[in-house]
Undergrad: 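One structure, as structure tokens, below. Some questions next.
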Amino acid sequence: MNILHFLTPKNEVAFLYDDYSLRQALEKMEYHQYSAIPVITREGEYVGVITEGDLLWDIKNHNFCNLRATEEQPLSEVHRRTSAGAVRINTSIEDLVVSAMSQNFVPVVDDRNMFIGIVKRKEIIRYCYQLAFPGQTIDETGIHPIDPERRSIPMMGAH
């Protein structure tokens, strides 16, 4: 199984540029209701993942008393407490599952370390569920039978 089957492409993923301010990061994460988000350079190179906790610790450590003060803090200077390593498109499904054990999504990069998208943990869980229980699929609303006419596992994200 090729991990591109699970990929949510970059153009469908919210991300931050490493030159954003702390305030811009807070606002984008709030808008998308994310607790973690990929960070890339303006050229598209993957930098890492920043979490709500990273932002909160930075606010506490710098004694920011108001939101305006966070406009001067570059995201590149915020200490990231976790190292969310990216995988390459030729990564095995086994290694993808291991990466997803400790994060909600796995960033995917090409051979030049350019960010191309993410694999969501829920898509990996859905795939594993369908392997364990042929004829069924699972999503946020529950367990559903797979259409017997199709005799195949539906595409990830299809209901």
Side-chain angles (χ1 to χ4, degrees), residues 1-59 64 67 70-131 137-144 146 152-159:
M1 173 65 64
N2 187 320
I3 70 166
L4 289 178
H5 179 73
F6 304 105
L7 185 75
T8 301
K10 177 183 174 182
N11 65 343
E12 296 177 20
V13 175
F15 56 85
L16 302 169
Y17 289 112
D18 64 345
D19 63 358
Y20 274 11
S21 70
L22 178 58
R23 181 174 181 162
Q24 288 172 303
L26 286 166
E27 289 174 351
K28 192 159 196 176
M29 289 177 76
E30 178 185 29
Y31 177 81
H32 291 284
Q33 299 180 347
Y34 289 167
S35 59
I37 192 167
V39 179
I40 65 173
T41 66
R42 289 285 176 175
E43 294 75 32
E45 187 174 352
Y46 177 72
V47 173
V49 169
I50 199 150
T51 67
E52 286 176 320
D54 297 333
L55 301 178
L56 291 171
W57 282 111
D58 196 74
I59 289 168
F64 291 127
L67 198 54
T70 64
E71 294 172 4
E72 303 302 319
Q73 175 71 352
L75 194 58
S76 60
E77 293 181 15
V78 174
H79 175 70
R80 293 190 310 270
R81 297 184 188 288
T82 58
S83 173
V87 298
R88 301 210 184 282
I89 56 174
N90 60 350
T91 297
S92 70
I93 189 70
E94 293 84 2
D95 289 338
L96 182 64
V97 169
V98 169
S99 294
M101 296 285 290
S102 61
Q103 52 201 58
N104 291 333
F105 62 87
V106 180
V108 182
V109 297
D110 66 13
D111 291 338
R112 298 174 302 135
N113 200 42
M114 296 303 209
F115 179 71
I116 61 171
I118 63 171
V119 174
K120 298 174 187 171
R121 182 168 36 191
K122 72 178 182 178
E123 298 301 336
I124 298 167
I125 292 169
R126 180 178 292 125
Y127 172 75
C128 292
Y129 183 88
Q130 291 170 344
L131 287 177
T137 188
I138 191 167
D139 63 22
E140 294 81 3
T141 63
I143 300 169
H144 312 283
I146 293 176
S152 65
I153 296 174
M155 293 297 292
M156 298 299 111
H159 301 311

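Both backbone and side-chain heavy atoms feed into the values below; hydrogens, waters and symmetry mates do not.
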Undergrad: Could you pull out the closest heavy-atom pair between Pro107 and Ile118, with the gap in Å?
TA: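 Between these two residues, the closest heavy atoms are CA-CG2, 4.2 Å.
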Undergrad: Less than 3.5 Å apart, any donor N or O on the side chain of Thr137 or Gln130 sitting next to an acceptor on the other?
TA: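 There is such a pair (donor and acceptor under 3.5 Å, judged by atom type) between the side chains of Thr137 and Gln130.
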Undergrad: Show your working on side-chain contact (heavy atoms from CB on, under 4.5 Å) between Phe105 and Thr8 and close with a plain yes or no.
TA: CA-CA 10 Å; Phe105 62 87; Thr8 301; over 6 Å; no
Undergrad: Does the side chain of Asp58 reach to within under 4.5 Å of the side chain of Gln73, using non-hydrogen atoms?
TA: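 In short, these two side chains touch, coming nearer than 4.5 Å.
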Undergrad: Do the side chain of Thr91 and the main chain of Asp95 share a donor and acceptor less than 3.5 angstrom apart?
TA: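 No; zero donor-acceptor contacts below 3.5 Å.
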Undergrad: Donor-acceptor pair, distance only, cut-off 3.5 Å: does the side chain of Lys28 make one with the backbone of Phe15?
TA: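 Present.
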Undergrad: State the CD1-NE2 distance between Ile50 and His79, to the nearest 0.5 angstrom.
TA: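 Output value for this atom pair is 10.0 Å.
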Undergrad: Looking at every heavy atom in both Ile89 and Asn2, which two are closest together, and how far apart are they?
TA: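 Here Ile89 and Asn2 meet closest at O-OD1, 3.9 Å.
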Undergrad: Hey, are the side chains of Leu26 and Ile59 touching, using non-hydrogen atoms and a 4.5 Å cut-off?
TA: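 A side-chain contact under 4.5 Å exists here.
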Undergrad: Go through Phe6 and Leu96 one step at a time and tell me if the side-chain contact (heavy atoms from CB on, under 4.5 Å) criterion holds.
TA: CA-CA 10 Å; Phe6 304 105; Leu96 182 64; 4.1 Å; yes
Undergrad: Please check this pair: side chain of Arg121 against backbone of Ala100, looking for a donor-acceptor N/O pair closer than 3.5 Å.
TA: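 Yes: the side chain of Arg121 pairs with the backbone of Ala100.
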Undergrad: Is Asp54 reaching over with its side chain to a backbone N or O of Arg81, donor-acceptor style, under 3.5 angstrom?
TA: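 Yes: the side chain of Asp54 pairs with the backbone of Arg81.
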Undergrad: Locate the shortest heavy-atom distance separating Ile138 from Arg126; write the atom from each residue and the value.
TA: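 Looking at all heavy atoms of both residues, the closest pair is O-NE, 2.7 Å.
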Undergrad: Distance check, rounded to the nearest 0.5 Å: Glu27 atom CD versus Arg23 atom CZ?
TA: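 Output value for this atom pair is 4.5 Å.
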Undergrad: Can you tell me how far CG of Asp110 sits from CD of Glu45, rounded to the nearest 0.5 angstrom?
TA: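 It is 9.5 Å, given to the nearest 0.5 Å.
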Undergrad: With rounding to the nearest 0.5 angstrom, report the CD1 to CD1 distance, Ile116 to Ile40.
TA: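 The distance works out to 12.0 Å.
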Undergrad: Carefully, step by step, assess Leu55 and Leu75 under the rule side-chain contact (heavy atoms from CB on, under 4.5 Å).
TA: CA-CA 9 Å; Leu55 301 178; Leu75 194 58; 4.0 Å; yes
Undergrad: Tell me which pairs pass ring-ring contact (aromatic ring centres under 6.0 Å, His included) where either residue lies in residues 19-55, with sequence neighbours left out.
TA: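 Every pair satisfying ring-ring contact (aromatic ring centres under 6.0 Å, His included) with a residue in residues 19-55: Tyr17-Tyr20, His32-Tyr34.
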Undergrad: How many angstroms lie between atom CG of Asp18 and atom CZ of Arg42, to the nearest 0.5 angstrom?
TA: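 Going from CG on Asp18 over to CZ on Arg42, the span is 8.5 Å.
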Undergrad: Looking at every heavy atom in both Phe64 and Leu22, which two are closest together, and how far apart are they?
TA: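 Smallest heavy-atom distance, with atoms named: CE1-CD2, 3.8 Å.
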Undergrad: One pair to check against side-chain contact (heavy atoms from CB on, under 4.5 Å): Glu140 and Lys122. What are the steps and the verdict?
TA: CA-CA 9 Å; Glu140 294 81 3; Lys122 72 178 182 178; 2.7 Å; yes
Undergrad: Which atom names give the shortest non-hydrogen contact between Ala14 and Pro38, and what distance separates them?
TA: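 Looks like O-CD, 3.6 Å.
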Undergrad: Please find the pair of heavy atoms, one from Val87 and one from Ser99, that lie closest to each other, and give the distance.
TA: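 It is CG1-OG, 3.7 Å.
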Undergrad: More than 12 non-hydrogen atoms from neighbouring residues, nucleotides or ligands closer than 6.0 Å to CD on Glu12, yes or no?
TA: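 Enclosed: over 12 neighbouring heavy atoms sit under 6.0 Å from CD of Glu12.
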Undergrad: Distance check, rounded to the nearest 0.5 Å: Glu123 atom CD versus Asp139 atom CG?
TA: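 Taking CD in Glu123 and CG in Asp139, the distance rounds to 10.0 Å.
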